[in-house]
Structures are given as structure tokens and as C-alpha cells.
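To start, the structure itself, in C-alpha cells.
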Amino acid sequence: MMKKIISITLFSAVLFCPAFAQDFAPIHAETHNNVACVHTSEEEIKGLFDRWNAALATLDPNEVALQYAKDAVLLATLSDKPRANHDDIKDYFVHFLQKKPQGKIDRRIISLGCNTASDTGIYTFTVHEKGKTKQVQARYSFVYEYDDDQWLIEHHHSSLMPEQLFHAGTHSK
């Protein structure tokens, strides 16, 4: 009889007291730290590179910088300076876009998380410099975050392939 009273009391508390019920409510499988996880797919994340590459094609550094989150970090291929705000990111692209770059993914690994995703691999850029067209292969990583109803770049790192550094004479032992 006592068990029945306790069960009825607990049931009533959960049913009629939302604050108490919250402690016993099942956690939604699509949440992390009480934030709803946005459903995504590898295809959607692949499309984020295409969106960024299309922004490069505009040759507008503002358009490219809009692809990055407010607190993004860019560790760019052709800069020794970490870019950690929109002005610095935009400044990098002012100079890089003069080469009319267009990228193509050669190999990639995509990882999906709760409101985050990463795209890591090898890409090749076609650039135009001093009247010549050349292709440059580099390693890359993009870390994306879902913020303000859109996917933005939170972290972007790009570096020349080690063999390109070696052939350029910049490799140190």
C-alpha cells in the first residue's frame, strides 16, 4: 500500500509540476548541452566548400569574409599571421583574391557533430600570377559551426604540401 501511495504521489508530482517533471524527462537524442542539434549530412557539408569557393569567384573580400563566424580563426596558406577577426580575414582575401583563385577538392574526410562539422583533406587551387596560370596543392581543414540559422566557418587552416615546400627551397632540416 505504501509503494502504491509513493508511486501515485511521484506520478502526480511529475504530471502536475513541470519543474519536477523536467528532472525526469528523457533527454532528446538530438541535443547537446541543452542545445538542439541541427540535422546535417555529408552532402550539405560538402556544399559549404562550394559556397566558399563561389564567394572566392566574386573576387569580393567582403563576400568571402561573410563565410566566417565572428570569432573564426584563419590560418592561411600564404600568411604567417593568424587571422582571428573579420578585418584580418578580409585583409588576407584582399591580397589572395588578386590571384583569382578557384579550388577543387582532391580528397576529403567529413566528420559530423552536434552543430559542428569538419571537412579535412587535400585541395588544388588554380591561381593566376604574373600572366601565368598555375596549380597549387595544399592540405586544408574547415571546421564549421551552426550559428544564427546558418553554417559558418569557425576555423580554417591551409598549408602547402611538404614536397612543395621542399622543392621551393624553404624546407629546413
Side-chain angles (χ1 to χ4, degrees), residues 11 13-79 81-97 99-127 136-161:
F11 175 75
V14 170
L15 185 62
F16 298 109
C17 182
F20 188 81
Q22 214 171 13
D23 292 337
F24 290 93
I27 297 172
H28 192 278
E30 295 285 327
T31 62
H32 179 73
N33 292 335
N34 296 323
V35 175
C37 299
V38 174
H39 176 73
T40 191
S41 65
E42 285 192 19
E43 289 305 312
E44 182 177 18
I45 300 308
K46 286 178 183 178
L48 297 176
F49 175 81
D50 297 335
R51 183 181 78 183
W52 179 80
N53 205 31
L56 292 180
T58 69
L59 303 179
D60 180 352
N62 290 312
E63 188 65 30
V64 180
L66 288 174
Q67 306 303 307
Y68 292 81
K70 293 176 187 129
D71 59 349
V73 174
L74 168 63
L75 301 174
T77 311
L78 304 176
S79 176
K81 177 182 176 183
R83 311 292 176 133
N85 62 59
H86 269 259
D87 288 340
D88 285 350
I89 290 170
K90 184 177 122 181
D91 177 67
Y92 174 76
F93 285 107
V94 164
H95 303 288
F96 185 60
L97 291 175
K99 300 174 187 297
K100 298 182 178 133
Q102 277 297 280
K104 176 183 79 64
I105 300 291
D106 300 322
R107 290 185 308 212
R108 68 172 13 135
I109 300 163
I110 291 180
S111 179
L112 306 176
C114 177
N115 298 336
T116 64
S118 66
D119 181 353
T120 306
I122 308 293
Y123 52 21
T124 299
F125 271 92
T126 301
V127 294
V136 179
Q137 196 173 50
R139 300 175 287 185
Y140 75 87
S141 60
F142 287 96
V143 177
Y144 299 99
E145 70 176 2
Y146 192 81
D147 190 28
D148 293 332
D149 297 327
Q150 65 179 331
W151 287 99
L152 294 171
I153 301 166
E154 173 65 29
H155 176 84
H156 176 194
H157 177 249
S158 182
S159 58
L160 292 174
M161 299 296 281

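One-based numbering along the sequence shown.
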Derivation of the side-chain contact (heavy atoms from CB on, under 4.5 Å) call for Tyr68 and Phe93: CA-CA 12 Å; Tyr68 292 81; Phe93 285 107; 3.5 Å; yes

Step-by-step side-chain contact (heavy atoms from CB on, under 4.5 Å) determination, Leu78 to Lys99: CA-CA 12 Å; Leu78 304 176; Lys99 300 174 187 297; 3.8 Å; yes

Met161 and Ile122: CA distance, side-chain angles, deciding distance, side-chain contact (heavy atoms from CB on, under 4.5 Å) verdict: CA-CA 9 Å; Met161 299 296 281; Ile122 308 293; 3.8 Å; yes

side-chain contact (heavy atoms from CB on, under 4.5 Å) between Val64 and Lys90, intermediate numbers included: CA-CA 7 Å; Val64 180; Lys90 184 177 122 181; over 6 Å; no

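Nearest heavy atoms, Asn115 versus Val38: OD1-N, 2.8 Å. The two residues His155 and Leu75 make their nearest non-hydrogen contact at CE1-CD1, 3.8 Å. Between Thr40 and Trp151, the shortest heavy-atom distance links the atoms CB-CZ2, 3.7 Å. Counting all heavy atoms, side chain and backbone alike, Thr77 lies closest to Ser159 at OG1-N, 4.1 Å. The shortest heavy-atom contact between Glu145 and Ala69 is OE2-CB, 3.3 Å. Scanning both residues, Arg83 and Asp88, for their nearest heavy atoms gives NH1-O, 2.9 Å.
Using a 4.0 Å cut-off between a side-chain N of Lys or Arg and a carboxylate O of Asp or Glu, Asp91 and Lys81 do not qualify as a salt bridge.
The OH atom of Tyr146 sits 12.0 Å away from the NE2 atom of His39 when rounded to the nearest 0.5 Å. Note that CD of Glu154 is 10.0 Å distant from OG1 of Thr116, once rounded to the nearest 0.5 Å. Note that CH2 of Trp52 is 14.5 Å distant from CG of Leu66, once rounded to the nearest 0.5 Å. Atoms CD1 and CG, from Ile153 and Leu74 in turn, are 8.5 Å apart once rounded to the nearest 0.5 Å.
The aromatic rings of His156 and Phe142 lie parallel to each other, their planes meeting at an angle below 30°, with 60° marking the opposite boundary.
Aromatic pair Tyr123/Phe125: centroids less than 6.0 angstrom apart.
Put simply, the side chain of His157 never gets that close to the backbone of Arg139: no donor and acceptor are under 3.5 Å apart. Between the side chain of Asn53 and the backbone N or O of Gln102 there is no donor-acceptor pair closer than 3.5 Å. Although no hydrogens or angles enter the test, the distance criterion places no donor-acceptor pair under 3.5 Å between the side chain of Asp60 and the main chain of Ala55.
For Asp50, there are no side-chain contact (heavy atoms from CB on, under 4.5 Å) partners at least two apart in sequence or on another chain.
Looking at Ser141 and Thr120, their side chains never bring a donor and an acceptor atom within 3.5 Å of each other.
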Distance-only check: which donor-acceptor pairs under 3.5 Å involve side-chain atoms of residues 107-114, not counting sequence neighbours?
residue, atom, partner, partner atom, Å
Arg108, NE, Asp119, OD1, 3.3
Arg108, NE, Asp119, OD2, 3.3
Arg108, NH2, Asp119, OD2, 2.9

